[in-house]
Amino acid sequence: MAQPQKPKSATGLASRQAATGLLIAVLDTRQALDGLIDPSDGGTAFNRLSDRDRRLARAIVSTTLRHFGEIEAALDRMLDRRPRKAGALIRILQIAAAQILFMDVADHAAVSTAMDQVTADHDGRHFKGLANAVLRRLAREKDTVLVGADAPRLDTPDWLWTRWIKSYGEETTRAIAAAHLVEPSLDLTVKEDAAGWAEKLGGIVLPSGTVRLVPTGRVADLPGYAEGAWWVQDAAAALPARLLGDVAGKRVADLCAAPGGKTATLAHAGASVTAVDISAPRLERLSANLKRLGLSADVVVADLLAWQPSEPFDAILLDAPCTATGTIRRHPDTAWLKQSADVKSIAVRQAGMIDRAVSWLKPGGTLVYCTCSLEPQEGEDQAAAAIARHGLKPSPIAADEIGGIAGVVTEAGYLRTLPCHLPDPNPRLAGLDGFFIGRLIKP
């Protein structure tokens, strides 16, 4: 598989310190990276950085998480044993190793800034000599230290590997894991003239109509952003709203609506949309995005398990909270944040949300249920259970409804997209988020 382009970098201690802090928060306290770098929280060390340093810090921590298993294997070769009571030493070494092994960073810059971090760490400073020796050796041996390593397997937690082997087989599991090692593209849903926007932005048009490009710089600086010509949305995430069919003039609910791409699709198609989400800050951003796009929706902050609409809906899109294991390409922290037990507990909440959604549908109304999870318990199994509980009728999805994307329609008529789907000679232009999408009709 072709190697992804290495992120550009620059020297700077503040960005490395921020990256180390983010890594500690993700791995040691199980905080999601998106929340940690949320711009609404201006008080964090990350958000006090310049734009350039924020991009660098994010690139460093994302690279560390994407290649975490390989980095651990390399450090294990450099360390006879890992010191105890060493403060942030190991996290500093992991951040430095990511730069040395996988980023376009001068070795001396990675080593020097790491040593500055170790020196400033109360407990880590006692291991300065060890840190210096490990990183200098790693820099010398970086071309050979991972030769023969099974990167897809190393960079996938055991619990995920085991589950995916059971669900998809080893060949597909390896393809999924290999896709996670490549930085994702930038996908845009455009209001009109996909070919024209692809030409302007230097991208391609996917069979489903999504415009895809390799991102450079800030999204807000791209042509078409300010005038609201498009919105950012993975190609797989753009499919569920389309599967509700012609929604013009219909009353449609978008449940768990943030960040808002599906709401925008429905509103642009002429639906009267009620967008519901439990997160007020995320809905504020959804509203701001709708304003930029010149679209409107009724935005409601509510817990679906407690909320009750004033009248039933013609159609409902439920993008249920999930383990999000289908988004590891875009969110490499997910692989290390989630655990096997999370699948069962989240599935219980999903079933409750499905039951609520069905009760809000008019007879003959359509429910599109989807999750960005690769776990069948959150997808196929949920759909089957909902059919059994409520007598719902499956409405099989046809390949021509999604532009004929190959291999994603199941025998049961559901959609199951995988990160290894939609191949392209350029790995940066390949792949999809992992989604389950089922379309069900209320009798």
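Atoms considered below: every heavy atom in the structure, side chains included; atoms not considered: hydrogens, waters and symmetry mates. Treat the numbers as computed from the prediction; the structure is a model and nothing was measured.
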Check [Y] with [X], please: is the shortest side-chain N to carboxylate O separation under 4.0 Å?
X    : Y    : value
R282 : D38  : no
E401 : R242 : no
R174 : D150 : yes

Next on the checklist: Before you tell me yes or no, could you show the steps for D158 and R153 under salt bridge (Lys or Arg N to Asp or Glu O under 4.0 Å), namely the whole-Å CA-CA distance, both residues' side-chain angles and the distance that decides it to 0.1 Å?
Outcome noted: CA-CA 8 Å; D158 292 344; R153 179 64 189 91; 2.7 Å; yes
N/O donor-acceptor pair under 3.5 Å between [X] side chain and [Y] backbone:
X    : Y    : result
D155 : E70  : yes
T113 : G12  : no
R66  : R329 : yes
K262 : L239 : no
Q31  : L36  : no
D314 : K250 : no
H331 : I328 : no
T417 : F435 : yes
R439 : P396 : yes
D433 : D234 : no

Does [X] reach the side chain of [Y], with side-chain heavy atoms less than 4.5 Å apart?
X    : Y    : answer
D254 : V276 : no
Y369 : Q382 : yes
V214 : L186 : no
I176 : L374 : yes
R218 : R55  : yes
H67  : L101 : no
L432 : L418 : no
T210 : L188 : no

Could you verify whether a donor N or O on one side chain and an acceptor N or O on the other, from [X] and [Y], lie under 3.5 Å apart?
X    : Y    : answer
S185 : R212 : yes
E375 : T323 : no
D342 : S340 : no
T371 : E378 : no

Nearest-0.5 Å distance that lies between atom [atom1] in [X] and atom [atom2] in [Y]:
X    : Y    : atom1 : atom2 : answer
I95  : T64  : CD1   : OG1   : 3.5 Å
L361 : L392 : CG    : CG    : 8.5 Å
L206 : I405 : CG    : CD1   : 7.0 Å
L415 : C370 : CG    : SG    : 10.0 Å
T189 : K191 : OG1   : NZ    : 12.0 Å
I354 : L367 : CD1   : CG    : 7.0 Å

Next on the checklist: If we check side-chain hydrogen bond (donor to acceptor under 3.5 Å, both in side chains) with D107, which of these qualifies: R140, R136, K142, Q99?
Outcome noted: K142
Item to check | Residue pairs fulfilling ring-ring contact (aromatic ring centres under 6.0 Å, His included) with at least one residue in residues 155-185, sequence neighbours excluded | outcome: W164-H180
Next on the checklist: Would T274 and V252 count as a side chain to side chain contact (heavy atoms under 4.5 Å, CB included) here? Give the steps.
Outcome noted: CA-CA 6 Å; T274 300; V252 181; over 6 Å; no
Item to check | With sequence neighbours excluded, residues passing side-chain hydrogen bond (donor to acceptor under 3.5 Å, both in side chains) with K200 | outcome: none
Checklist entry - What residues form a side-chain hydrogen bond (donor to acceptor under 3.5 Å, both in side chains) with D400, not counting sequence neighbours? => result none
Which pair of non-hydrogen atoms, one from [X] and one from [Y], has the smallest distance, and what is that distance?
X    : Y    : result
D277 : C256 : OD2-C, 3.3 Å
P240 : V368 : O-CG1, 3.8 Å
T263 : A257 : OG1-CB, 3.6 Å
A18  : L49  : CB-CD1, 3.6 Å
A96  : A114 : CB-CB, 3.8 Å
L33  : S62  : CD2-OG, 4.0 Å

Next on the checklist: As a quick check of understanding, evaluate side chain to side chain contact (heavy atoms under 4.5 Å, CB included) for L304 and I278, giving each step before the final call.
Outcome noted: CA-CA 8 Å; L304 295 185; I278 198 170; over 6 Å; no
Item to check | Evaluation steps, side chain to side chain contact (heavy atoms under 4.5 Å, CB included), between L56 and R54 | outcome: CA-CA 5 Å; L56 174 57; R54 279 200 299 271; over 6 Å; no
Item to check | Verdict with supporting geometry, L23 and T20, side chain to side chain contact (heavy atoms under 4.5 Å, CB included) | outcome: CA-CA 5 Å; L23 187 66; T20 303; 5.7 Å; no
Next on the checklist: Looking at Y225, I'd like to know if the NZ or CZ of R292 sits under 6.0 Å from its six-membered ring centre while staying within 45 degrees of the ring's axis.
Outcome noted: yes
Next on the checklist: Run E380 and R416 through salt bridge (Lys or Arg N to Asp or Glu O under 4.0 Å) and show every step you take.
Outcome noted: CA-CA 9 Å; E380 291 87 345; R416 168 56 77 185; 2.8 Å; yes
Checklist entry - Counting only heavy atoms not in R285, do more than 12 sit closer than 6.0 Å to its CZ atom? => result yes
Item to check | E227, CD atom: more than 12 neighbouring heavy atoms under 6.0 Å | outcome: yes
Item to check | The single option from R77, R82, R91 passing salt bridge (charged side-chain N to carboxylate O under 4.0 Å, His left out) against E72 | outcome: R82
Next on the checklist: Which label fits H268 and W231: parallel for a plane angle under 30°, tilted from 30 to 60°, or perpendicular past 60°?
Outcome noted: perpendicular
